[in-house]
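What follows is one structure encoded as structure tokens, with my remarks underneath.
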Amino acid sequence: MSSLERRDGNPAVRALIYIVCIFLAVLSIFPFVVMFINSTRSTFEIQQQAVSLIPSTHLMENFKVFNGKSFNPTTGFINSLIVAVGATVLTVYFSTLTAYALVAYRWKMRNAMFTFILCVMMIPGIVTSIGMYQFMYRIHLTNNLLSLILPAVYAPQAVFFFRQFMLASLPLELLDSARIDGSKEFYTFNHIAMPIMKPAMATQGIFAFVYTWNSLFMPSILLTRDNMKTMPVMVSMLKGDIYKREYGAIYLGLSLTVLPLFIVYFALSKYIIAGVALGGVKG
Amino acid sequence: MNNSLQKKHGFSYARYGYYFSIPFILAFLIFNLYPTLYTVVLGFTDSKGLGNITFHILKDDPWKNFRAILKAPTFILSLKNTFVLWILNFIPQITLALILTAWFTSRRNKIKGQGFFKVVFYMPNIITAASVAVLFNALFGYPKGPVNDLLVNMGLRDSTTYFMNSASTTRGIVAFIQFWMWYGYTMIILVSGVLGINPEIYEAAEIDGANDRQIFFQITIPNLRTILTYTLITSLIGGLSMYDIPKMLNNGNPNNSTLTATMFIYNQSFQGSYMYARGAAASMILFLIIAALSAVVFFLMRDRK
């Protein structure tokens with residue numbers, strides 16, 4: 001810290017900053033407030049006055065309308081959960097293992113492998129999608145949730161993140177002493193390295209989960225049968241003809257699709273923000 | 001680095017580096033490289049039709065699909081739309097993110113509640129884009145909808161507006177949603193970049209009597225070069241593959257004014273006559289455009305010293 005007398009900022013500037021920030025905060029929250037409150041109001045009330053800050057009493061009615069159509073929220077929820085949990089477990093475990101290979105061992109191709117990961121990170125997913133569809137079709141994995149889970153083993157962004165984290169926090173001496181104690185390499189990874197990586201695994205786990213839960217493009221290509229669809233694919237039904245003018249039911253349906261994310265976010269926001277900040281700091 | 005045990009009795013641990021990379025490499029070969037090559041090959045075939053996986057290489061005229069795509073007015077329009085939507089969201093996004101970064105890291109104006117603001121600004125980013133787009137479709141509803149209600153009640157407009165029926169308002173809404181979902185993310189990355197700059201540089205500048213504006217433009221921005229490049233590249237790749245928001249908000253309407261390149265590819269390959277070959281050719285063209293633009297960005301943002 002400088003020993004100079006710190007000049008304080010201009011109070012007018014500070015006031016302006018707070019006003020802008022509060023405005024932006026309202027802008028972030030307001031659409032979701034309207035969504036949650038309108039999901040408790042009847043379609044008639046919404047048509048009379050589309051914005052209200054006072055919840056009403058029509059939640060159950062809306063749910064009956066919402067649930068009475070072909071939209072099956074339980075199926076979508078379970079499918080999304082299976083895909084997101086499966087993909088998250090694979091991404092976190094195998095990306096940690098790959099990063100461990102890059103950090104704990106000196107092998108000839110190590111630097112080449114890291115450069116390779118940096119390059120493939122930049123390739124947009126659209127390049128693979130049509131070939132992926134035909135490949136999955138050939139091996140009979142379309143309309144099978146595995147088609148979205150298995151590819152999660154390959155997650156270069158996660159490997160990159162774990163490598164940065166490991167370089168900073170995995171003491172290689174620890175691995176040496178494990179070897180002296182006779183620990184096999186794979187055992188050392190599972191029982192000594194992994195526990196140290198827990199905070200990073202939690203952060204990447206949240207991101208992998210949210211990313212998979214939210215994805216729309218590949219699931220809408222690979223899952224065409226109604227009982228296989230994930231939540232985001234089903235959301236389009238809320239816009240279609242089946243809920244025409246049933247505004248209360250539409251808002252309720254939207255609320256249900258995003259409720260799990262709000263819960264995850266507000267429970268873990270501290271780690272999520274820290275994870276975003278870490279992801280940006282590179283070389 | 002302590003590698004005293006890397007070689008013990010002629011036994012090298014190095015091979016475990018290869019062993020533990022095997023799952024990743026295998027998954028790359030099966031779920032990334034193979035589908036990519038498959039897509040490349042499909043671009044040179046006559047592959048079409050739902051559930052039809054037999055195809056023939058176009059031996060007489062291998063570039064037929066690529067020519068057809070480049071001549072298709074809808075594809076050119078979708079590329080133009082994609083750029084317009086990306087620029088309309090990226091410029092305000094990076095501007096606001098930089099302003100917020102300057103405010104949040106200012107050493108004179110210590111802003112309180114930064115943790116809260118970061119959590120709230122970032123929130124829209126993790127909510128399902130598909131749901132967000134359908135929500136905005138309802139919010140901008142016509143003739144009755146929350147936004148129309150607010151505009152009329154506040155006296156900003158005399159009558160209600162049919163937002164989804166006009167190309168400019170629909171594009172504006174798509175760009176706004178993208179901006180609104182991403183500026184918080186960009187800001188958090190930039191703030192963490194600024195916090196990584198050596199504080200002594202700032203102290204020296206303050207002693208020299210530099211004001212906030214000089215400090216921001218002459219210290220913060222040049223030191224953020226790597227992170228700004230990263231932000232620009234990731235936003236470019238994401239923005240040019242934009243799909244969820246325009247698809248779910250208004251399905252590319254009105255008059256294809258929000259039809260993006262990825263939506264075009266989807267429509268070619270997974271609707272109508274399922275022209276996989278055309279879609280594959282279009283994906284390759286889109287990929288080459290993204291790669292070329294990324295190279296330009298890297299070149300422009302390179303360290304000239």
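At most 12 non-hydrogen atoms from other residues, nucleotides or ligands lie less than 6.0 angstrom from OH of Y211(A).
Heavy atoms of D149(B) lying under 4.5 Å from chain A belong exclusively to its side chain. Neither the backbone nor the side chain of I22(B) comes within contact range of chain A; no heavy atoms are under 4.5 Å apart. Neither the backbone nor the side chain of L195(B) comes within contact range of chain A; no heavy atom of the residue lies under 4.5 Å from a heavy atom of that chain. For I30(B), the parts sitting under 4.5 Å from any heavy atom of chain A are the backbone and the side chain alike. Contact annotation for M113(A): only side-chain heavy atoms (C-beta onward) come within less than 4.5 Å of a heavy atom of chain B. Both the backbone and the side chain of N32(B) come within contact range of chain A, each with at least one heavy atom under 4.5 Å from a heavy atom of that chain. Residue contact with chain B, scored on non-hydrogen atoms closer than 4.5 Å, involves the side chain of F30(A) exclusively. When heavy atoms are compared at a cutoff of 4.5 Å, V153(A) approaches chain B by way of both its backbone and its side chain. Heavy atoms closer than 4.5 Å to chain A are found in the backbone of L249(B), but not in its side chain. For chain A, the nearby parts of P23(B) are the backbone and the side chain; heavy atoms of each come within less than 4.5 Å. For L37(B), no part lies near chain A; criterion is any non-hydrogen pair under 4.5 Å. The contact between Y265(A) and chain B is made by backbone and side chain atoms together, counting heavy-atom distances below 4.5 Å. Heavy atoms closer than 4.5 Å to chain A are found in both the backbone and the side chain of M248(B). Contacts of F217(A) with chain B are made by both backbone and side-chain atoms, with heavy-atom separations under 4.5 Å. Heavy atoms closer than 4.5 Å to chain A are found in the side chain of L100(B), but not in its backbone. Proximity to chain B is absent for every atom of A152(A), based on heavy atoms less than 4.5 angstrom apart. Neither the backbone nor the side chain of I206(A) has a heavy atom closer than 4.5 Å to any heavy atom of chain B. For K270(A), no part lies near chain B; criterion is any non-hydrogen pair under 4.5 Å. Heavy atoms of I290(B) lying under 4.5 Å from chain A belong exclusively to its side chain. With a 4.5 Å cut-off on non-hydrogen atoms, M122(A) touches chain B through its backbone and its side chain both. Looking at L286(B), only its side chain comes within 4.5 Å of chain A, counting heavy atoms on both sides. If you measure heavy-atom distances from Y122(B) to chain A, the contacts under 4.5 Å come from both the backbone and the side chain. Only the side chain of L42(B) comes within less than 4.5 Å of a heavy atom in chain A; its backbone stays farther off. Only the side chain of V20(A) comes within less than 4.5 Å of a heavy atom of chain B; its backbone N, CA, C and O stay farther away.
Between Y154(A) and F28(B), the distance separating the two ring centers is shorter than 6.0 angstrom. Taking the six-membered ring wherever Trp is involved, the centroid distance between the rings of Y16(B) and Y100(A) does not fall below 6.0 Å.
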Check step by step if ring pair (Phe, Tyr, Trp, His ring centres under 6.0 Å) holds for F32(A) and W180(B).
CA-CA 13 Å; F32(A) 300 117; W180(B) 176 79; 5.7 Å; yes
Step by step, would you call Y13(B) with Y105(A) a ring pair (Phe, Tyr, Trp, His ring centres under 6.0 Å)?
CA-CA 7 Å; Y13(B) 288 100; Y105(A) 303 103; 7.1 Å; no
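Counting heavy-atom pairs under 4.5 Å between each of T142(A), T98(A), N38(A) and chain B puts T98(A) at the top. Options G125(A), S236(A), S52(A), S95(A) differ in how many heavy-atom pairs under 4.5 Å they form with chain B, and the most are formed by S236(A). Interface check for chain B: of the options I126(A), V34(A), I117(A), V258(A), the most heavy-atom pairs under 4.5 Å are formed by I126(A). Note on V120(A), L102(A), L150(A), V233(A): by heavy-atom pairs under 4.5 Å with chain B, the leading option is L150(A). When each of I250(A), I272(A), I221(A) is checked for heavy-atom pairs under 4.5 Å with chain B, I221(A) comes out on top. Across F207(A), F262(A), F186(A), F266(A), the residue that shares the most heavy-atom pairs under 4.5 angstrom with chain B is F262(A).
Distance check, rounded to the nearest 0.5 Å: OG of S129(A) to OH of Y38(B) gives 13.0 Å. To the nearest 0.5 Å, atom OG1 of residue T224(A) and atom CZ of residue F270(B) are 10.5 Å apart. Here L97(A) contributes atom CG and Y19(B) contributes atom OH; the two are 13.5 Å apart, rounded to the nearest 0.5 Å. Distance CD1/I29(A) to CE/M123(B): 5.5 Å, rounded to 0.5 Å. In this structure, the separation between CE on M35(A) and CD1 on I127(B) is 7.5 Å, given to the nearest 0.5 Å. From Y274(B), atom OH reaches atom CD1 of I130(A) across 13.0 Å, with rounding to the nearest 0.5 Å.
Residues Y18(B) and R110(A) bring no donor and acceptor atom of their side chains to less than 3.5 Å of each other. Using modelled atom types, one finds a donor on one side chain and an acceptor on the other under 3.5 Å when comparing S47(B) with Q134(A).
Closest heavy-atom contact between P31(A) and L139(B): CB-CD1, 3.7 Å. For the pair S192(B) and A277(A), the tightest heavy-atom approach, listed with the atom from each and the gap, is OG-O, 3.0 Å. T128(B) approaches T257(A) most closely through the heavy-atom pair OG1-O, 4.4 Å. Here the shortest heavy-atom pairing between I22(A) and F117(B) reads N-CE2, 4.0 Å. Smallest separation of non-hydrogen atoms from L254(A) and S131(B): CD2-O, 3.6 Å. Heavy atoms only, all atoms of each residue included: W107(A) and A14(B) are closest at CB-O, 3.7 Å.
Ring orientation note: the planes of F189(A) and F20(B) are tilted relative to one another, at an angle of 30° to 60°. Between F24(B) and F116(A), the ring planes lie perpendicular to each other; the angle is over 60°, past the 30° to 60° tilted range. Between F135(A) and Y34(B), the angle of the ring planes goes over 60°, which puts this pair in the perpendicular group of the 30/60° scheme.
With sequence neighbours excluded, no residue satisfies side-chain hydrogen bond (donor to acceptor under 3.5 Å, both in side chains) with Y183(B). For S21(B), the side-chain hydrogen bond (donor to acceptor under 3.5 Å, both in side chains) criterion is met by no residue, not counting sequence neighbours.
Side chain of R138(A) to main chain of I53(B): a donor-acceptor pair is present (N/O by atom type, distance under 3.5 Å, no hydrogens or angles). Of the possible donor and acceptor atoms, one in the side chain of S28(A) sits under 3.5 Å from a partner among the backbone N and O of V120(B). At least one donor-acceptor pair closer than 3.5 Å links the side chain of T39(B) to the backbone N or O of V127(A).
By the 4.5 Å heavy-atom criterion applied to side chains, V276(A) and Y185(B) are counted as neighbours.
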